[in-house]
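Notes follow once the structure below has been shown.
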Amino acid sequence: MANNVSHTTEYRTLGKVLLVLMFCTFLTITVTGIHLGPLSVTVALVIACVKAYTVMTYFMHLKYESLLLKLLVGFVFVLFVLIILITFIDYAYR
Amino acid sequence: MSEIHHHVEEHRDDEASKLGMWLFIFTELLLFGGLFIVYSIFRHEYYQAFRESSLELSVTIGAINTIALLFSSMTVAMALTAMQKNDKKTALIMIGITLLMALVFLVNKYFEWGHKIEHGLYPGSALMPHLDRGHLLYFSLYFFMTGLHAFHIIVGMVLLTICLFKVKSGSIRTDKYALLENGALYWHLVDLIWIFLFPLMYLIS
């Protein structure tokens, strides 16, 4: 029976992932608290992306999923970046 | 007739149902993604007003809610691990903790919104049209985006409550946990969205 092929993530790993995520949250709050000017939103978004990547990789088991699913996620990410780019270019040259 | 055909082949494809869940998650990500683009453009245009408005929000409440969601994301992942290890009791406890964290989030949100509503800040209030455009846009986006997110929390709670009862009754088992896996995926999505909502809404410096 190849019906349940999902990978089992150990409790310990999940706990470590939570610690990383908590640390990132602490970092975001601290970094945006000090005045970095326009850099601060960039830093906040980079940290948010790191957190999102961690959640998808370990909590959502993407690390152990099929290549098809990984490619699909990558495709959606690229699609979203393109939508942002096109919207912002349109907005900037109006 | 023969007795050979008595056993019924169950039609089941866990991989496909997981793929279906992911496709749905993509649509959700793009829905919130669109809202984030709207937010970014108005934030760029009315930066000062957005900054002032965001100071009205409590970073402490936002941080507590972030921690509650991250923690619940871990517990729901642990519930799945427990189910895979055929540990029904741990799975039930973990789903229970996840639901409790979701409730903590909503109670916090209730107080947060209640505080705003007391001050006459809510969509359609008498005060809102008198705000200048930047503040109006910030609070409209704030209520819409956090409201849509809170709605997802409620849907996730319903889904996980169903999972809780199905684990209890034994229809989610160690060899049949696709529903719990997909429910957990949905819950992680709710967490993912909040990861971006929190710095964008609460932390503008």
Side-chain angles (χ1 to χ4, degrees), chain A residues 1-11 13-15 17-22 24-26 28-29 31-38 40-41 43-45 47-52 54-56 58-62 65-66 68-69 72-73 75-77 79-81 83-84 87-88 91-92, chain B residues 10 12-15 18-19 22-23 25-27 29-30 33-34 36-38 40-41 43-45 59 62-63 66-67 69-71 73-78 80-85 90 94 174-178 181 184-185 187-189 191-193 195-200 202-205:
Chain A
M1 287 280 285
N3 230 334
N4 277 308
V5 286
S6 293
H7 174 86
T8 305
T9 312
E10 287 303 321
Y11 298 123
T13 317
L14 295 172
V17 171
L18 180 69
L19 286 181
V20 171
L21 291 170
M22 294 282 194
C24 285
T25 307
F26 171 75
T28 319
I29 297 171
V31 165
T32 44
I34 48 179
H35 295 283
L36 288 172
S40 88
V41 68
V43 174
L45 282 178
I47 297 175
C49 286
V50 170
K51 283 169 79 177
T54 313
V55 168
M56 295 216 280
Y58 294 98
F59 284 171
M60 297 171 94
H61 300 139
L62 210 54
E65 291 296 350
S66 61
L68 170 71
L69 200 49
L72 277 175
V73 174
F75 171 75
V76 169
F77 181 74
L79 179 69
F80 185 55
V81 171
I83 295 171
I84 292 178
T87 314
F88 285 6
Y91 182 75
Chain B
E10 188 188 10
R12 208 174 120 202
D13 190 345
D14 292 351
E15 275 300 299
K18 201 197 298 181
L19 184 63
W22 271 99
L23 290 179
I25 286 175
F26 293 157
T27 68
L29 287 176
L30 289 177
F36 279 124
I37 294 177
V38 172
S40 307
I41 286 180
R43 172 175 162 153
H44 179 74
E45 199 163 341
V59 176
T66 307
I67 292 167
L69 276 193
L70 289 175
F71 189 75
S73 227
M74 179 193 71
T75 52
V76 82
M78 282 181 166
L80 184 64
T81 302
M83 212 61 245
Q84 288 168 331
K85 289 175 183 248
T90 311
M94 287 303 165
T174 190
D175 61 338
K176 190 187 173 196
Y177 51 75
E181 193 170 21
L185 280 177
W187 194 254
H188 296 310
L189 163 78
D191 187 26
L192 274 183
I193 295 163
I195 284 176
F196 288 94
L197 267 182
F198 174 60
L200 288 180
Y202 291 75
L203 308 168
I204 306 181
S205 64

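Taking CG from Leu21(A) and CG from Leu69(B), the interatomic distance works out to 11.5 Å, rounded to the nearest 0.5 Å. Annotation: the span from Lys18(B) atom NZ to Glu65(A) atom CD amounts to 3.5 Å, rounded to 0.5 Å. Here Leu18(A) contributes atom CG and Ile67(B) contributes atom CD1; the two are 9.5 Å apart, rounded to the nearest 0.5 Å.
If you measure heavy-atom distances from Leu192(B) to chain A, the contacts under 4.5 Å come from the side chain alone. For Thr66(B), the part lying under 4.5 angstrom from a heavy atom of chain A is the side chain only. Looking at Leu68(A), only its side chain comes within 4.5 Å of chain B, counting heavy atoms on both sides. Looking at Leu62(A), only its side chain comes within 4.5 Å of chain B, counting heavy atoms on both sides. At a 4.5 Å heavy-atom cutoff, Cys24(A) makes no contact with chain B through either its backbone or its side chain. Both the backbone and the side chain of Thr28(A) come within less than 4.5 Å of a heavy atom in chain B. Of the two parts of Tyr202(B), neither the backbone nor the side chain holds a non-hydrogen atom closer than 4.5 Å to a non-hydrogen atom of chain A. Looking at Leu30(B), the atoms closer than 4.5 Å to chain A (heavy atoms on both sides) all sit in the side chain, from C-beta outward.
For the set Gly62(B), Ser73(B), Gly34(B), the entry with the most heavy-atom pairs within less than 4.5 Å of chain A is Ser73(B). The candidate with the highest count of non-hydrogen atom pairs below 4.5 Å against chain A, out of Leu23(B), Leu19(B), Ile41(B), Leu80(B), is Ile41(B). When the candidates Ile84(A), Val73(A), Leu79(A), Ile83(A) are compared by the number of heavy-atom contacts under 4.5 Å with chain B, Val73(A) comes out ahead. The residue among Thr87(A), Thr25(A), Leu69(A) with the most heavy atom pairs within less than 4.5 Å of chain B is Leu69(A).
The minimum heavy-atom distance between Met60(A) and Leu189(B), with the atom names listed, is CE-N, 4.4 Å. For the residue pair Ala77(B) and Phe59(A), the shortest heavy atom distance occurs at CB-CD2, 4.2 Å. Taking each heavy atom of Phe88(A) and Ser40(B) in turn, the nearest pair found is CZ-CB, 3.8 Å. The two residues Ala52(A) and Phe196(B) make their nearest non-hydrogen contact at CB-CE1, 3.8 Å. Listed here is the closest heavy atom pair of Ile29(A) and Ala63(B): CD1-CB, 3.8 Å. Contact record, Gln84(B) with His7(A): NE2-O, 3.3 Å, taken as the closest heavy-atom pair.
Using a 4.5 Å heavy-atom threshold, the side chains of Thr32(A) and Val59(B) count as separate. Side-chain contact between Trp22(B) and Leu72(A) is absent, with no heavy-atom pair separated by less than 4.5 Å. Considering only heavy atoms from C-beta on, Leu29(B) stays 4.5 Å or farther from Phe77(A) through its side chain. Side-chain contact between Met94(B) and Tyr11(A) is absent, with no heavy-atom pair separated by less than 4.5 Å.
The aromatic rings of Tyr91(A) and His44(B) sit perpendicular to each other, their planes meeting at more than 60°, with 30° as the lower class boundary.
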Stepwise side-chain contact (heavy atoms from CB on, under 4.5 Å) check, Met74(B) with Val17(A):
CA-CA 8 Å; Met74(B) 179 193 71; Val17(A) 171; over 6 Å; no

